[in-house]
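Every number for a ligand or one of its atoms is a count from 1 in the order of the listing.
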Amino acid sequence: MNNKYEKERRLLHGGDYSPEQWLSYPDILADDLIMMKDTHSNTVSLGMFSWSALEPTEGEFNFDWLDKIINDIYKIGGNIILATPSGARPAWMSQKYPEVLRTNNKREKMLHGGRHNHCYSSPVYREKTSIINKKLAERYGEHPGILMWHISNEYGGECHCNYCQESFRKWLKNKYITLENLNNSWWNSFWSHSFTDWLQVESPSSLGEENVHGLNLDWKRFVTDQTIDFYKHEIKDIRKITPTIPITTNFMGDVNKPAPHGSTDYHKFAKHVDIISWDCYPNWHNDYESTADLASKVAFLDDHFRSMKKKSFLIMESTPSSVNWQDFNKAKRPGMHLLSSIQHIAHGSDSNLYFQWRKSRGSSEKFHGAVIDHDNSTENRVYQDVKFVGEIMERIKSVKGSNKNSKVAIIYDWNNHWAFEDSQGFASSTKKYTETLHEHYRYFWNHDISVDIIPPSDDLDNYDLVIAPMLYLISEDDIENLCNFVKNGGILVGTYITGIVNEFDLIYLNGFPEKLQKLFGINRIENDILYPTERNELSFENNNYKILDYADTIQVNKAEVLSYYKNDVSSNKPAVVTNKIGKGRTYYIGARTEYTFLEDFYNFILVQLELSNPLIKVGDTEVSVQSRSSLHKNYHFVMNFSENNKTIEITNGIFDMVSGKKSDFILNLKPYEVRILYSYNKDFK
Ligand code: GAL
């Protein structure tokens with residue numbers, strides 16, 4: 001244990017605190033401290049949007065207010081996650097140095113305002129962030145209250161200014177060395193697009209080039225690299241001055257899709273942060289999906305963020321009640337705050353941090369949910385819910401740092417996602433890459449089996465089953481990785497829309513790549529598109545299942561056929577096949593199907609693998625059980641994501657973490673109720 005975060009024995013509870021909005025309200029600031037203690041809030045994130053309070057005019061700094069806040073929080077036993085303020089800049093800076101502002105893809109310079117509106121290449125912005133970050137590190141690096149650095153806020157977006165164009169060209173030169181290589185890789189002979197001078201190369205623009213897929217893909221990769229480069233610039237002095245304080249930056253996820261933020265490849269970014277943290281805002285109790293449907297999407301994202309470092313992560317932002325930016329900003333029903341908070345912990349979070357601690361008095365977020373409402377009351381439901389979550393988190397704190405052990409992985413790849421979204425052909429409204437990943441994930445969530453979400457280049461040795469749906473773009477190296485996994489005994493599931501382009505977004509010539517043909521024992525002859533109202537069917541194990549959106553025509557070379565299409569041009573042709581390779585086996589699902597097929601298909605292939613929790617077998621798809629393990633104990637989170645009472649049977653030797661007593665064999669769960677249990681790890685003597 002060498003840093004304060006590792007030594008911290010509590011799970012982190014608290015959230016984004018904006019005292020700079022309340023500096024002329026000393027009574028409010030005093031109440032905050034009392035309420036933090038009262039709600040068992042032990043951690044605040046500070047300073048995300050404080051730049052103009054810290055540097056009101058260029059070069060004149062005022063840290064006095066922050067000194068006091070940090071000292072006060074430390075005195076009540078609190079931790080500080082200290083942010084660098086680059087997410088929003090003071091007006092004086094935009095006025096004096098307009099280059100710090102973003103330029104959009106139409107080459108229009110944005111005006112000062114909003115936030116996250118800065119250029120990652122601007123030398124002035126880099127210099128200004130260096131100065132303030134260094135001052136923060138020098139001033140607070142030794143302060144015993146500082147737990148972690150929170151770099152900027154939700155990095156994202158892109159800038160098309162001249163600095164960024166220059167950096168992009170440099171990035172391309174580094175990758176392609178010669179223009180000839182670039183022209184070939186982007187297939188620039190098409191529409192006379194070949195470049196003869198590097199200065200002709202520009203970022204994609206709705207006023208110019210948007211159709212060169214290789215360019216679009218490289219631009220997205222560049223934006224990720226430039227964002228990471230800016231982040232690395234931000235942490236340079238911080239790392240030097242405070243080498244033992246861990247660093248995070250809050251990532252974003254879109255629960256509706258469900259997918260992590262689209263414009264940044266977090267698999268790449270994750271390598272540069274010490275701890276993964278992300279901001280999660282599900283719209284509970286919406287009118288278009290069940291609570292369990294939504295819960296499975298949150299779970300999918302939690303598992304994705306956990307998998308980035310294969311260790312516990314942090315929820316940096318969530319709302320204690322509602323947000324202010326959904327179409328309908330509904331408050332959580334009784335029980336949902338505890339359930340939704342514990343769900344993150346069940347999937348590997350060591351925190352529940354909120355946006356926001358106190359509702360602002362003015363401006364756009366004044367109605368966003370917060371621990372403290374405008375009434376400043378300790379009596380209202382949200383405050384009481386937060387306090388209750390804080391109490392429970394204290395009782396279950398030994399969970400901190402424990403991990404999940406998954407034998408199943410689903411492959412997600414940003415490059416593939418970007419390229420497939422950009423592809424013209426197929427069908428535009430039914431691409432549904434991440435939705436498809438989630439459909440496969442859903443089986444495992446329904447059956448309480450832990451899943452990692454990983455890139456195709458990841459080490460696959462520890463998995464029994466790898467599921468790689470719709471790998472439209474796949475490099476030869478990644479194909480090799482999948483082949484080795486299977487040869488060594490793994491089970492691989494692949495699907496339609498796989499192996500079509502390489503990492504340059506160039507089509508594999510001569511059809512389905514030879515290595516994939518061998519791996520799946522088939523050749524793919526054709527891919528058909530179905531209109532949204534059209535259906536075909538496949539038969540599998542004496543049942544028929546609906547097919548929608550996509551259907552491959554498959555020619556079998558060596559594989560064994562498990563299922564045939566029923567109708568249309570592919571009638572009686574193979575739809576699902578399996579192939580034995582080395583010590584392993586592959587499955588290829590040729591068509592998108594209704595969910596019930598996936599349910600029966602995975603039941604069929606999982607008979608040999610004992611993957612479910614041996615202690616708690618629920619068999620109810622609205623009650624989710626997730627487990628985390630430490631050296632000595634297994635923690636089990638039993639969560640009722642439904643509006644009904646549920647009865648669950650569990651085996652012997654399980655204790656309730658909240659009461660500390662041995663658990664009953666029968667758990668009667670009320671709507672939204674959660675139980676947190678533990679058992680001893682049998683290998684521990
Ligand atoms: C996040 C952001 C916060 C706050 C929150 C509102 O994206 O980081 O500062 O605006 O959304 O839900």
Side-chain angles (χ1 to χ4, degrees), residues 12 14-22 43-53 80-89 113-118 148-157 227 230-231 234 248-264 266 269 273 275-286 294 298 301-302 305 313-332 336-337 340-341 344 349 351-374 382 386:
L12 310 185
D16 279 21
Y17 183 38
S18 307
E20 67 277 4
Q21 295 178 19
W22 300 96
T43 301
V44 298
S45 315
L46 261 184
M48 282 72 65
F49 301 110
S50 296
W51 203 336
S52 60
I80 291 101
I81 299 182
L82 188 57
T84 64
S86 66
R89 83 223 62 75
R115 56 176 172 172
H116 304 159
N117 167 15
H118 42 270
M148 195 177 296
W149 287 105
H150 176 304
I151 305 300
S152 201
N153 187 68
E154 294 190 338
Y155 283 118
T227 310
F230 182 77
Y231 159 87
E234 280 220 50
T248 190
T249 182
N250 49 341
F251 289 162
M252 294 174 271
D254 179 346
V255 180
N256 284 323
K257 274 201 166 65
H261 185 57
S263 77
T264 318
Y266 288 149
F269 208 149
V273 304
I275 293 161
I276 299 290
S277 64
W278 81 284
D279 301 344
C280 181
Y281 292 103
N283 47 347
W284 293 112
H285 320 292
N286 65 52
L294 179 54
V298 174
L301 284 178
D302 272 339
F305 286 104
F313 60 93
L314 299 176
I315 288 293
M316 187 59 83
E317 291 180 23
S318 59
T319 177
S321 54
S322 61
V323 294
N324 66 329
W325 45 261
Q326 300 273 11
D327 289 343
F328 300 93
N329 297 291
K330 196 170 177 64
K332 290 180 185 172
M336 182 48 85
H337 184 51
S340 56
S341 303
H344 295 305
S349 171
S351 73
N352 274 300
L353 297 167
Y354 309 118
F355 179 88
Q356 47 189 342
W357 169 254
R358 180 183 283 280
K359 275 187 186 171
S360 14
R361 189 162 181 205
S363 215
S364 71
E365 288 183 328
K366 60 181 177 295
F367 296 121
H368 192 292
V371 178
I372 319 281
D373 213 323
H374 298 126
V382 173
V386 167

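Proximity of Met316 to Ile81: side-chain heavy atoms (C-beta onward) are separated by under 4.5 Å at one or more points.
The nearest pair of heavy atoms linking Val386 to Tyr354 is CG1-CE1, 3.7 Å.
Put simply, the side chain of Ser277 never gets that close to the backbone of Phe251: no donor and acceptor are under 3.5 Å apart.
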Return a table of N or O atom pairs, ligand 1 on one side and protein on the other, at distances under 3.5 Å, rounded to 0.1 Å.
| unit_1 | atom_1 | unit_2 | atom_2 | d |
| --- | --- | --- | --- | --- |
| ligand 1 | 7 (O) | Glu154 | OE1 | 2.5 |
| ligand 1 | 7 (O) | Glu154 | OE2 | 2.8 |
| ligand 1 | 8 (O) | Asn153 | ND2 | 2.9 |
| ligand 1 | 8 (O) | Glu154 | OE1 | 3.3 |
| ligand 1 | 8 (O) | Glu154 | OE2 | 3.4 |
| ligand 1 | 8 (O) | Glu317 | OE1 | 3.2 |
| ligand 1 | 8 (O) | Glu317 | OE2 | 2.8 |
| ligand 1 | 9 (O) | Arg115 | NH1 | 2.8 |
| ligand 1 | 10 (O) | Arg115 | NH1 | 3.4 |
| ligand 1 | 10 (O) | Arg115 | NH2 | 2.8 |
| ligand 1 | 10 (O) | Glu365 | OE2 | 2.3 |
| ligand 1 | 12 (O) | Trp325 | NE1 | 2.7 |
| ligand 1 | 12 (O) | His368 | NE2 | 2.7 |

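With sequence neighbours excluded, the residues satisfying side-chain contact (heavy atoms from CB on, under 4.5 Å) with Lys359 are Gln356, Ala370, Asp373, His374. A search for ring pair (Phe, Tyr, Trp, His ring centres under 6.0 Å) contacts involving Phe230 returns Tyr120, Tyr125, not counting sequence neighbours.
Screening residues 314-331 for salt bridge (Lys or Arg N to Asp or Glu O under 4.0 Å), with sequence neighbours left out, gives no hits.
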